[in-house]
Asks: 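Sharing a structure, written as structure tokens. Questions coming.
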Number of protein chains: 4
Amino acid sequence: MPRPSRWDDVVAAAARVFSEKGFGGASLEDVATEVGMLKGSLYNYIKSKEDLLFAVVRPDAEELLTNARQLKVKDLPASEKLRQIVLVHVEIIDRHLPYVSVYVQEIAGRGISKEWADMDREYMHLVEQVFVEGAESGAFDRGLDAKMAARSLIGAMNWMTRWYEPGDPAQARAVAAQLSDVFLSGVLARRTADPS
Amino acid sequence: MPRPSRWDDVVAAAARVFSEKGFGGASLEDVATEVGMLKGSLYNYIKSKEDLLFAVVRPDAEELLTNARQLKVKDLPASEKLRQIVLVHVEIIDRHLPYVSVYVQEIAGRGISKEWADMDREYMHLVEQVFVEGAESGAFDRGLDAKMAARSLIGAMNWMTRWYEPGDPAQARAVAAQLSDVFLSGVLARRTADPS
Amino acid sequence: MPRPSRWDDVVAAAARVFSEKGFGGASLEDVATEVGMLKGSLYNYIKSKEDLLFAVVRPDAEELLTNARQLKVKDLPASEKLRQIVLVHVEIIDRHLPYVSVYVQEIAGRGISKEWADMDREYMHLVEQVFVEGAESGAFDRGLDAKMAARSLIGAMNWMTRWYEPGDPAQARAVAAQLSDVFLSGVLARRTADPS
Amino acid sequence: MPRPSRWDDVVAAAARVFSEKGFGGASLEDVATEVGMLKGSLYNYIKSKEDLLFAVVRPDAEELLTNARQLKVKDLPASEKLRQIVLVHVEIIDRHLPYVSVYVQEIAGRGISKEWADMDREYMHLVEQVFVEGAESGAFDRGLDAKMAARSLIGAMNWMTRWYEPGDPAQARAVAAQLSDVFLSGVLARRTADPS
DNA sequence: AATGAATGAGCCTTCATTCAT
DNA sequence: GATGAATGAAGGCTCATTCAT
């Protein structure tokens, strides 16, 4: 991974352009124009267009995965782990929307390459494990299909790349809280007032 | 034997090819090969590549919308409306995965054109209204953010295009039921065992 | 191998352009201009630039080889076989100079691919065998290094692509005769008439 | 330790790279990598890629020419002059194969520039003169086409760049001797023992 | 002398689209 | 309706060359 002066500019420009036009729909000329250089000059930084895609997408993907791995070994109730995962996922979307959009649109759930399929799978599995833990501990519903729940949660979060307007960390936290609430408690009214 | 026009073949082939390679990544030659004709011949059926995209995507989009519209005026509890919407959405995915994949990947939540943005918005709104109704009737949680809930549900369902293996209507119904359960009741264990 | 209407034009143009500018130095635009179409249109005939190179070069290479193979099994004195090989080789150069130039410049003696290396080797071997036969039959010098002789003869003939001006079959036959004479008898004056 | 300029390294690297990939097929980056510097740095030594080509090729071309010029004015029988020319030519190929390969492939017999065409022509002419002298002195066959003979000899020698494996001076001398023998005496068995 | 970066031009190839047959 | 051929416009990538540091 080269570290020349304008490397970050290049990747940031690529994230913006790819997320707006799609990887296939964007030309390297678009990216170069966004950075302020000619398309040929990009090749001082990358070896291929695909390289650039991965460079855009890798750091956040790794952060997400690292966070989920660390959470796994912590001693927390499943519901709390779930809230944490959602919080970090949503915060990354808030801070790095274009990067994550590209990941979601171009890589997640596609069979791009073994490496990325493995990352995908591992993240899915870590989320799934949270549901499994919850079910086994009795905190979550016994009949829960953990894999389905994980897929649904990830889908709901990734779908944010289609509607979320980033830039407000407070709102990100609010969204994360609501999402967690829905997945934990559902939308039905609590029978809180049930007898005592 | 009347040789019917091969319009349906063309659209089906396009759905398969677009869902596999993406709209941008697929060439009309790919589509033509899949139907068994030459790319020039496609222009006996379509006026442009984009035409073909819309042709692939429109019927299911309209079915989804029609269903949601009809449901809106029915006299059913919100939870039941929600179950119905999920069921139809999932069944369409089961029956027409390639078509829906193309819609989700290329059109949903993108600003392709006013027409499609309107359809998107209307469907979203109809789903949102179910949550609003539920909250107003007291069946759903008062503090619920209906828009967020609708977006999450749609995201979770559309994400199925990345993992669902179609062809089994029974499994489709099961998935729909589980999804509805999670969104209605959450994953937390019910305090069913409360006395009496 | 496609056979559309202008296939031969395309290959002939490529032969001219490649032989003039070299394969690497020639652009497909050059070739297209020579045929009178746009460079993109060439791809209705070929799959890649290299394809075109092989198409240019294959027919004559095969003719040369076929001729040498047929000669091998004929019952002729070695000196006559040698004259025949030279004659055919020189005639092909006379009739198809640009094609042969491309072969000599870009393919002969280079390790382009196994297929071509094999053709090269076989032709060399067939020529070498003529010298071996001659030496074994006593017609040629016993101490002759057949491989060196074959290489030298082929080199001398192929070098014609750098100087020969084609279009005169009679001159081609004359050149072939002289070449054969030199290789058979050398340039030294015969001591034939020496008695007296 | 004085660090001498790396001019020679640069030229040697260029010779290797050009002879392997061809002048057109080789990039200056290839050359730079072979020397161990970056392509921009090459411009501390050369003014253009073509410059480098000429630098690679000139010394040996001049040596060949100088040798042929000196030989011309010596008082030697034509057959001896021919042996000398062949010997020097082959020895240079043995010692400097990559350089000569580049010359043969890219320059000899092409109309690169007047300067090089003149060198070509002069060398050819000097070789031709040897055959003329031989014919006039009666040592060589009267009917000999001196130009054809010279072209054939040069072709045979230059063709060595396609097959010769350098590094063994003794073998170089052997090859030179055989080549001279073939051109002088041909391959036909001598009727030396024919008396009676 | 060397480097890293940028330039600008060109090249192979792809592709949506058109059209005569 | 279908085909083969052509078009024109990009697009990804390479590369000789320049230049400030």
Side-chain angles (χ1 to χ4, degrees), chain A residues 2-7 9-10 23-32 35-52, chain B residues 3-7 10 23-32 35-52, chain C residues 2-7 9-10 23-32 35-52, chain D residues 3-7 10 23-32 35-52:
Chain A
R3 264 328 114 68
S5 36
R6 292 165 73 189
W7 170 249
D9 295 354
V10 168
F23 177 72
S27 79
L28 285 184
E29 191 158 22
D30 296 333
V31 177
V35 208
M37 56 174 72
L38 298 182
K39 63 178 170 176
S41 309
L42 286 177
Y43 285 82
N44 287 319
Y45 300 91
I46 59 170
K47 275 186 60 97
S48 73
K49 195 189 180 193
E50 224 187 21
D51 251 34
L52 192 46
Chain B
R3 185 84 78 82
S5 154
R6 294 164 71 190
W7 168 250
V10 167
F23 177 71
S27 77
L28 285 183
E29 190 156 21
D30 295 332
V31 176
V35 209
M37 55 174 70
L38 297 186
K39 66 177 166 178
S41 311
L42 284 178
Y43 284 82
N44 289 318
Y45 300 90
I46 61 172
K47 272 191 66 82
S48 75
K49 195 189 179 192
E50 227 187 19
D51 254 33
L52 192 46
Chain C
R3 269 321 119 71
S5 37
R6 292 164 74 189
W7 169 251
D9 295 353
V10 168
F23 177 72
S27 77
L28 285 184
E29 190 157 21
D30 296 332
V31 176
V35 208
M37 55 174 73
L38 298 183
K39 62 180 169 177
S41 310
L42 287 176
Y43 285 81
N44 286 319
Y45 300 90
I46 60 172
K47 275 187 58 98
S48 73
K49 195 190 179 191
E50 224 187 23
D51 250 35
L52 192 46
Chain D
R3 185 84 79 84
S5 152
R6 295 164 71 188
W7 169 250
V10 167
F23 177 71
S27 77
L28 286 184
E29 189 157 22
D30 295 332
V31 177
V35 210
M37 54 175 71
L38 296 186
K39 68 177 166 179
S41 312
L42 284 177
Y43 284 82
N44 290 318
Y45 299 91
I46 63 172
K47 272 191 66 82
S48 75
K49 194 189 180 190
E50 227 186 20
D51 254 33
L52 192 47

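Heavy atoms only: backbone and side chains are in, while hydrogens, waters and symmetry mates are out. In what follows, every chain begins at residue 1, and chains take the letters A, B, ... in the order their sequences are listed.
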Asks: When the nearest nucleotide of DNA chain E is assigned to K47(B) and to L42(D) on a heavy-atom basis, which residue is associated with the more 5' position?
Replies: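 Result: L42(D).
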Asks: Consider the side chain of M37(A), meaning its heavy atoms from C-beta on, and name the nucleotide among dT17(E), dA2(E), dA6(E) that approaches it most closely.
Replies: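 Per side-chain heavy atoms of M37(A), the pick is dA6(E).
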Asks: Below 4.0 angstrom from OP1 or OP2 of dA6(E), is there any side-chain N or O of R6(A)?
Replies: yes
Asks: Enumerate the residues from residues 23-32 of chain B whose closest heavy atom to DNA chain E is under 4.0 Å, giving them by residue number; use none for an empty result.
Replies: A26(B), S27(B), L28(B)
Asks: Of the candidate nucleotides dA5(F), dC13(F), dT17(F), which contains the atom at the shortest distance from the side chain of K39(A)?
Replies: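 Selected nucleotide: dC13(F).
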Asks: At a cut-off of 3.5 Å, list every protein nitrogen or oxygen paired with a nitrogen or oxygen from nucleotides 19-21 of chain F, distance to 0.1 Å.
Replies:
none

Asks: Among residues at least two apart in sequence or on other chains, which ones pass ring-ring contact (aromatic ring centres under 6.0 Å, His included) with F23(B)?
Replies: F18(B)
Asks: Can you pull out every salt bridge (Lys or Arg N to Asp or Glu O under 4.0 Å) where at least one residue sits in residues 36-45 of chain B? Sequence neighbours excluded, please.
Replies: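 Counting only pairs at least two positions apart or across chains, no salt bridge (Lys or Arg N to Asp or Glu O under 4.0 Å) contact touches residues 36-45 of chain B.
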Asks: If you assign each of E50(A) and G36(C) to its closest nucleotide in DNA chain F, which residue comes earlier from the 5' end?
Replies: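 Per heavy-atom nearest nucleotide, the more 5' residue is G36(C).
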Asks: Any idea which of dG8(E), dC13(F), dA5(E) is nearest the N44(A) side chain?
Replies: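 Among the listed nucleotides, the one closest to the side chain of N44(A) is dA5(E).
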Asks: Using the side chain to side chain donor-acceptor pair (under 3.5 Å) criterion, which residues pair with S27(A)? Sequence neighbours excluded.
Replies: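 S27(A) satisfies side chain to side chain donor-acceptor pair (under 3.5 Å) with D30(A) once adjacent residues are dropped.
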Asks: Could you spell out the base pairing of DNA chain E as a dot-bracket line? Use Watson-Crick and G-U wobble contacts where both distances are under 3.5 Å, [ ] for crossing pairs, | for partners on a different strand.
Replies: .||||||||||||||||||||
Asks: Could you tell me whether the side chain of W7(D) reaches within less than 4.5 Å of the side chain of I46(D), counting heavy atoms only?
Replies: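 Side-chain contact under 4.5 Å: yes.
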